[in-house]
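A note on names: the letters A, B, ... follow the listed sequences, proteins ahead of strands, and every chain is numbered from 1.
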Amino acid sequence: MPEGPSLYILKEQTTQFVGKEIVRAEGNTWAIDTTRMVGQPIVSLRTWGKHFLIEMPAMVVRIHFLLFGTYRINEGRDKPPRLSLGFADGSVLNFYACSVKEIDQDIDAMYDWAADVMSDAWDPAKARKKLRACPAMLACDALLDQDIFSGVGNIIKNEVLFRIRVDPRSTVGALPPAKLRALVQEARQYSFDFLGWKKAFTLKQHWLAHAQKICPRCHIPFHKAKLGKSDRRSFWCERCQKRYG
DNA sequence: TGGAATGTTGGAAC
DNA sequence: CGTTCCAACATTCC
């Protein structure tokens with residue numbers, strides 16, 4: 001489920017619920033009092049990267065799908081929902097195996113919308129500025145940093161670095177300006193390509209590097225290692241992806 | 001079929 | 001007190 005483009009699809013699929021009043025709210029979430037949602041209309045459904053935000057007049061609930069979360073619209077599944085919302089017209093929005101949290105601050109103060117690669121507010125110059133502020137950071141860590149590239153996940157990371165021919169172990173500060181610019185540009189571009197392929201159910205077949213064995217450009221084996229602060233899988237080609245720094 | 005994976009958090013450890 | 005480490009969560013696929 002994760003990665004920003006998937007959340008973008010969720011937002012598109014749930015526009016029908018905006019403005020509707022929640023008449024039933026339940027589920028096995030322990031983190032919020034679901035009864036407080038009953039009687040409230042949905043003011044907006046928004047995303048910030050991998051966060052799905054349900055805005056009501058009196059509260060904002062944040063859904064995070066982590067690695068395994070799923071959702072269903074107007075149907076159930078074989079597991080009990082973590083959060084299930086029912087509306088007067090009989091429509092239903094179900095969330096499973098996700099993190100549910102109430103946000104008790106002003107969301108506009110909390111979220112930097114310019115960091116969301118899927119957002120109209122995405123600001124590439126601001127992203128470059130954030131990158132220049134941490135020159136020692138590895139390229140693989142930079143792409144996964146949600147404060148800089150909100151919505152980018154491990155697949156997008158590997159594909160972006162392959163596209164721009166940068167070794168994941170490169171340091172941000174050692175990247176030539178054109179590469180830094182390409183990194184930021186492709187983080188958004190690839191995310192929208194991801195979106196299109198995901199909608200067409202052809203995402204996996206478009207992977208060039210992620211979980212691949214042979215470099216499609218050089219036809220030599222990819223290197224594979226767990227890299228960076230979070231020890232995430234990286235796939236890269238020693239021949240066509242250059243290591244800076 | 002056991003292990004790994006599109007991810008993050010919170011608390012322990014240092 | 002700040003930073004780092006690690007278990008925990010939970011589902012699907014190979």
Would you measure the distance from the [atom1] atom in [N] across to the matching atom in [M] and give it in whole Å?
N	M	atom1	answer
dA10(C)	dT1(B)	P	24 Å
dA8(C)	dG3(B)	P	16 Å
dC5(C)	dT6(B)	C1'	23 Å

Its dot-bracket string being built from Watson-Crick and G-U pairs below 3.5 Å, with | for another strand and [ ] for crossing, DNA chain B has the pattern .||||.||||||||

Look at [X] and [N] and indicate whether a side-chain polar atom (N or O) is within less than 4.0 Å of OP1 or OP2.
X	N	answer
K226(A)	dA5(B)	yes
R82(A)	dC9(C)	no
R233(A)	dG3(B)	no
H64(A)	dT9(B)	no
K229(A)	dT4(C)	no
R77(A)	dT12(C)	yes

Donor-acceptor check, side chain of Q40(A) to backbone of A58(A), threshold 3.5 angstrom: yes or no?
yes

Starting at [atom1] of [X] and ending at [atom2] of [N], how long is that distance when rounded to a whole Å?
X	N	atom1	atom2	answer
Q146(A)	dT8(B)	CD	C1'	9 Å
F68(A)	dT8(B)	CZ	P	13 Å
Y8(A)	dT6(B)	OH	P	25 Å
L203(A)	dC13(C)	CG	C1'	15 Å
Q212(A)	dC14(C)	CD	P	13 Å
L66(A)	dT6(B)	CG	C1'	11 Å
K50(A)	dT6(B)	NZ	P	11 Å
W197(A)	dT6(B)	CH2	P	17 Å

Can a salt bridge be assigned to the pair [X] and [Y] using a cut-off of 4.0 Å between side-chain N and carboxylate O?
X	Y	answer
K157(A)	E159(A)	no
E3(A)	K198(A)	no
K129(A)	D123(A)	no

Looking only at the aromatic ring of each residue, does the gap between the centers of Y190(A) and F162(A) stay below 6.0 angstrom?
no

Check the orientation of H64(A) and H51(A). Use parallel for under 30°, tilted for 30 to 60°, and perpendicular for over 60°.
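Answer is perpendicular, since the angle exceeds 60°.
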
Suppose we screen for side chain to side chain donor-acceptor pair (under 3.5 Å). Which residues come up paired with R72(A), at least two apart in sequence or across chains?
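For R72(A), no residue satisfies side chain to side chain donor-acceptor pair (under 3.5 Å) once neighbours in sequence are set aside.
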
Selected nucleotide, minimal atom distance to F194(A) side chain, candidates dT6(B), dT9(B), dT11(C):
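Between dT6(B), dT9(B), dT11(C), the one nearest the side chain of F194(A) would be dT6(B).
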
Toward the 5' end of DNA chain B, by each residue's nearest nucleotide, K101(A) or E3(A)
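Going by which nucleotide is closer to the 5' end, it is E3(A).
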
Working for salt bridge (charged side-chain N to carboxylate O under 4.0 Å, His left out), residues E238(A) and R169(A):
CA-CA 11 Å; E238(A) 203 104 283; R169(A) 299 164 298 173; 3.2 Å; yes

